[in-house]
Amino acid sequence: MRVSRVMGAAVAAGLLLSSAAACGGDDDGGGDGATPAGGGALKGTTIEVAAKWTGAEETNFRKVLQAFEKKTGAKVNYASTGENTDAYLGPRIEAGNPPDVAILPQPGLMQQYAQKGSLKPLADDVVTEVGNNFAPYWKELGSSGGKTYGVMVKAAYKSILWYRPDAFDEAGVQPPAAWADLVKASGTLQDAGSTPFTLAAGPQDSWTLTDWFENVYLSQAGPENYDKLAKHEIKWTDPTVGKALETLAQIWGKPDYLNGGVAAATKTKFDESVTQVFGQQKAAMVYGGDFAAANIATTKAKVGTDAKVFAFPKAGDTAPAILGGDVAVALKDGKGAQELMKFLASPEAGKVWAGLGGYLTPNKNVPPDAYSDPIAKQLIGQLQQSGDAARYDMSDLAPAAFGATPGKGEWEALRQFVIKPTDVKGAQAKLEAEAAKAYK
């Protein structure tokens with residue numbers, strides 16, 4: 001998983017309109033300064049929670065923990081894992097001294113820990129809370145071996161494209177809802193003198209290509225095939241994959257649609273792709289998900305005015321809704337850990353968090369009006385309208401050797417396809433060969 005792009009530096013929707021306070025948390029990583037209420041079922045209980053969040057994300061999460069403290073009387077200490085969560089948790093697990101609860105940046109890591117016996121299954125009442133508030137897909141995502149271990153507590157929304165309204169206005173185009181309209185709008189922008197896209201396809205940043213693919217594939221092939229491909233139950237040589245690649249080639253295969261052409265695109269970093277659009281006005285659109293707001297904030301462009309978003313256009317019957325995010329798990333037995341997990345699965349916790357900014361959740365019982373800014377409401381509305389069709393980032397569900405390694409696996413196979421977009425069969429063969437090795 002590319003942690004930095006999913007939830008690390010990006011403060012999601014809160015950064016979109018700069019509504020989240022950007023103050024940092026306590027340096028010592030212990031507690032949040034709150035004094036628990038005098039009573040409560042967990043008075044005298046201390047719970048340690050570990051997550052990678054720092055800065056505004058940490059500050060807001062501490063406020064959620066403070067609400068739990070006030071409700072239960074427990075004291076919660078927060079520890080930052082740093083960007084490499086496994087490097088922090090692994091030694092503590094091996095030493096028999098893990099935190100009570102940890103927030104993991106990808107379901108794959110949860111599966112790894114579950115298979116090693118490092119996690120505690122959720123108590124029955126916690127599983128009920130998850131079932132009441134999340135679609136079955138999200139419960140399944142937090143499960144392993146028939147047991148439920150995780151709660152998807154925070155999400156990144158990846159089914160959007162960012163654009164410059166001034167470029168669209170000058171060309172006389174509107175944000176497209178369908179893929180064919182996106183291709184047509186790109187041609188109109190090009191004719192008007194505006195390059196349609198910057199594309200981050202550099203060796204270290206070609207994860208963006210996996211997100212493009214996932215949006216097109218989910219839309220065309222549907223959720224069932226998406227799940228099968230994510231588990232390698234169907235091969236990458238399947239016709240559905242070829243169709244998605246052919247669709248992507250309608251944009252990737254036109255060098256004039258890409259800033260600097262293919263040669264530049266295959267060297268471009270993600271941060272550069274965003275600033276080239278909003279800082280240098282070299283193109284009209286860029287893919288980035290909600291987390292691109294952090295990069296836009298480094299330019300003079302203002303999100304909501306100079307930088308806007310539209311839903312990733314439908315390439316088939318399904319409106320794509322691709323998510324990344326963070327899953328909470330319990331690593332110790334005890335009522336404290338389970339009660340915190342139950343709270344994190346509740347609408348109560350989600351509403352507190354949503355009101356602080358920098359937050360999206362697949363919890364269906366956190367209403368759009370709980371969110372603190374208009375773009376967050378727009379994005380969560382899109383997510384909720386997708387219903388059971390929403391899916392987690394496929395490459396982040398895959399073994400890291402295939403879906404999360406720069407210069408290898410899916411990243412490099414798709415990057416090579418950008419270089420040679422006419423070779424659909426060759427790209428499929430390469431993808432399947434890499435997947436077959438990784439899924440053994």
Side-chain angles (χ1 to χ4, degrees), residues 1-6 83-87 89-90 104-119 137 140-145 149-150 156 158 200-218 221 223-245 248 266 270 322-327 391-420 423-440:
M1 182 182 209
R2 281 69 68 201
V3 173
S4 60
R5 73 167 166 114
V6 174
E83 287 294 337
N84 192 332
T85 302
D86 187 40
L89 290 176
L104 307 179
Q106 70 176 135
L109 188 57
M110 186 211 74
Q111 295 288 340
Q112 175 183 322
Y113 287 165
Q115 291 166 10
K116 290 182 177 179
S118 302
L119 305 182
Y137 174 77
E140 181 182 349
L141 198 65
S143 300
S144 179
Y149 293 97
K158 303 187 186 184
Q204 299 298 313
D205 293 85
S206 45
W207 56 262
T208 63
L209 306 179
T210 72
D211 289 356
W212 276 86
F213 172 83
E214 289 155 8
N215 275 287
V216 170
Y217 190 82
L218 177 59
E224 184 177 347
N225 281 326
Y226 185 98
D227 293 342
K228 290 179 180 178
L229 187 61
K231 298 174 183 177
H232 201 217
E233 293 176 354
I234 59 177
K235 294 183 177 181
W236 285 79
T237 50
D238 192 85
T240 58
V241 175
K243 182 178 179 181
L245 293 176
L248 288 165
T266 52
F270 172 67
I322 303 294
L323 295 181
D326 304 273
V327 58
R391 287 296 183 267
Y392 201 89
D393 184 306
M394 185 188 298
S395 63
D396 288 343
L397 295 173
F402 180 68
T405 304
K408 296 182 179 180
E410 185 182 1
W411 291 28
E412 185 61 19
L414 290 178
R415 182 171 174 270
Q416 291 301 319
F417 181 64
V418 172
I419 295 172
K420 194 176 180 181
D423 189 14
V424 173
K425 294 293 185 183
Q428 287 186 264
K430 177 66 173 176
L431 285 161
E432 177 55 28
E434 293 294 314
K437 289 189 296 183
Y439 279 86
K440 284 184 178 179

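Residue numbers count from 1 along this sequence. Being a predicted model, the structure only gives us computed values, none of them experimental.
- Taking every heavy atom of both residues into account, Phe213 and Ala244 meet most closely at CE1-CB, 3.7 Å.
- Taking every heavy atom of both residues into account, Ser144 and Gln111 meet most closely at OG-OE1, 2.9 Å.
- Listed here is the closest heavy atom pair of Ala230 and Tyr439: O-OH, 2.7 Å.
- To the nearest 0.5 Å, atom CG of residue Leu109 and atom CG of residue Asp326 are 11.0 Å apart.
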How far apart are the C-alpha atoms of Leu104 and Leu89, what are their side-chain angles, what is the distance that settles it, and do they pass the side chain to side chain contact (heavy atoms under 4.5 Å, CB included) test? CA-CA 10 Å; Leu104 307 179; Leu89 290 176; 3.5 Å; yes

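- Annotation: side chain of Gln428 is not in contact with side chain of Trp236 (no heavy-atom distance under 4.5 Å).
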Under the side chain to side chain contact (heavy atoms under 4.5 Å, CB included) criterion, do Glu412 and Gln416 qualify, and how do the steps go? CA-CA 6 Å; Glu412 185 61 19; Gln416 291 301 319; 2.7 Å; yes

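- In this structure, CE in Met110 is found 12.0 Å from OG in Ser118, a value given to the nearest 0.5 Å.
- Side chains of Val216 and Leu245 form no contact here, defined as non-hydrogen atoms less than 4.5 Å apart.
- When the shell of 6.0 Å around CD of Glu224 is examined, it contains 12 or fewer heavy atoms from other residues, nucleotides or ligands.
- At least one donor-acceptor pair under 3.5 Å links the side chain of Asn225 to the backbone N or O of Ala221.
- In terms of heavy atoms, Ala413 sits closest to Leu431 at CB-CD2, 3.5 Å.
- Tyr137 contributes a side-chain N or O that, together with a main-chain N or O of Tyr392, makes up a donor-acceptor pair within less than 3.5 Å.
- Distance check: Leu209 CG to Thr266 OG1 gives 10.0 Å after rounding to the nearest 0.5 Å.
- Pairing each heavy atom of Leu323 with each of Lys158, the nearest pair is C-CE, 4.3 Å.
- Without hydrogens or angle criteria, Arg391 side chain to Asp227 main chain gives no donor-acceptor distance under 3.5 Å.
- Across Ala438 and Ala401, no two heavy atoms sit closer than the pair CB-CB, 4.1 Å.
- Within the 4.5 Å cutoff, the side chain of His232 has no heavy atoms near those of the Phe402 side chain.
- In this structure, Trp207 and Ser395 have side chains that are not in contact, with every pair of non-hydrogen atoms separated by 4.5 Å or more.
- Side-chain contact check for Asp396 versus Pro107: every heavy-atom pair is 4.5 Å or farther apart.
- Under the 4.5 Å side-chain criterion, counting only non-hydrogen atoms from C-beta, Ile322 is in contact with Tyr226.
- Proximity of a side-chain donor or acceptor of Glu214 to a complementary backbone N or O of Met394 within less than 3.5 Å is detected.
- Side-chain contact between Trp411 and Asp205: absent, with no pair of heavy atoms (C-beta onward) separated by less than 4.5 Å.
- Rounding to the nearest 0.5 angstrom, the gap separating the CG atom in Leu248 from the CH2 atom in Trp212 is 7.5 Å.
- Counting heavy atoms from C-beta on, the side chains of Leu141 and Val327 never come closer than 4.5 Å.
- For Asp86 and Tyr113, the side-chain atoms include at least one donor-acceptor pair closer than 3.5 Å.
- The closest donor-acceptor contact from the side chain of Ser206 to the backbone of Arg415 lies at 3.5 Å or more, if one exists at all.
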